[in-house]
Amino acid sequence: MHTQTPEASFFDRVYEVVRLVPRGRVTTYGAIAAYLGSGRGARMVGWAMNQSHACRQYVPAHRVVNRQGMLTGKHHFGGPRLMQQLLEGEDVRVERDQVQDFKRLFWDPARELPLP
DNA sequence: TGATTGACCAACT
DNA sequence: CAGTTGGCCAATC
């Protein structure tokens, strides 16, 4: 574990951070981008999640939402309902594609993790 | 190898 | 206050 080779791509770092999101908590694309480096665009994090299926390990992509706590990526799961069901399975309430109590459940890697 | 795309975000009109 | 635009940067066409 932590076999972070210097050749690790930006995507691999995104996956590693997402894996660290605790069960029942959520984070955002922008927060991950900011944690990895202020220059990286949040869109890249979204694109990384799109390719997350290529990652050998499990990536809880359903715990990543946009800045408003909205399930913008739900369409990229098995079905438009799967992302919400996965979150509700972790006691995260979702209504109209929005995470309820988002501010309270928000997990900021820059605040919860040591500096990279 | 240039142009396009994208599960975003902030600023601007 | 809602809709549009530009920027971020790697991957894909």
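Convention: sequence-line order gives letters A, B, ...; per-chain numbering from 1. Please read these numbers as outputs of a predicted model, since none were measured by experiment.
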Taking the side chain of A:Trp47 as heavy atoms from C-beta outward, which of B:dC9, C:dT12, B:dA7 is closest to it?
C:dT12

For A:Asn66, answer base if it contacts any base atom (sugar-phosphate contacts may also be present), sugar-phosphate if it contacts only those atoms, and nothing otherwise; contact means non-hydrogen atoms under 4.0 Å.
sugar-phosphate

Option passing side-chain contact (heavy atoms from CB on, under 4.5 Å) with A:Val64 (candidates A:Thr28, A:Val18, A:Val14, A:Val17)
A:Val18

Please work out which of the three classes, parallel, tilted or perpendicular, describes the rings of A:Phe106 and A:Phe102, given edges at 30° and 60°.
tilted

Within this structure, what is the CD1-to-C1' distance between A:Ile32 and C:dA10, rounded to whole angstrom?
16 Å

Look at the side-chain N and O atoms of A:Thr72 and state whether any lies under 4.0 Å from the OP1 or OP2 oxygen of B:dC8.
yes

Could you tell me whether A:Arg104 and A:Asp101 have a side-chain N and a carboxylate O separated by less than 4.0 Å?
yes

Would the number of heavy atoms belonging to other residues, nucleotides or ligands and lying under 6.0 Å from CZ of A:Arg23 be above 12?
yes

For A:Arg67, report the nucleic acid contact type (base, sugar-phosphate, nothing); a contact means any heavy atom under 4.0 Å.
sugar-phosphate

Under 4.0 angstrom, heavy atoms only, what part of the nucleic acid is A:Ala48 near: base, sugar-phosphate, or nothing?
nothing

When you group the ILVMFWY residues by side-chain heavy-atom contacts below 4.5 Å and let the links chain together, are A:Phe77 and A:Val92 in the same group?
yes

Value in whole Å for how far the P atom of B:dA7 lies from NE2 of A:His53
13 Å

Of the options B:dC9, B:dA7, C:dG7, whose atoms approach the side-chain atoms of A:Ala42 most closely?
B:dC9

Return the 5'-most residue of the pair A:Arg43, A:Gln51 with respect to DNA chain C, ranking by each residue's nearest nucleotide.
A:Arg43

Of the listed B:dA7, C:dA10, C:dT12, the closest approach to the A:Phe11 side chain comes from C:dA10

Separation of B:dC8 atom C1' from A:Met49 atom CE, nearest Å, is 13 Å

A:Phe10 CZ to B:dC8 P, in whole Å, measures 14 Å

Report the distance from atom CG of A:Leu71 to atom C1' of B:dC8, rounded to the nearest whole Å.
15 Å

Which one, C:dA11, B:dA7, C:dG7, comes nearest to the side chain of A:His76?
B:dA7

In whole angstrom, give the distance that lies between atom CZ of A:Arg13 and atom C1' of C:dA10.
13 Å

In whole angstrom, give the distance that lies between atom CG of A:Asp108 and atom C1' of B:dC9.
15 Å

Round to a whole Å and report the spacing from CG of A:Leu36 to P of C:dC8.
18 Å

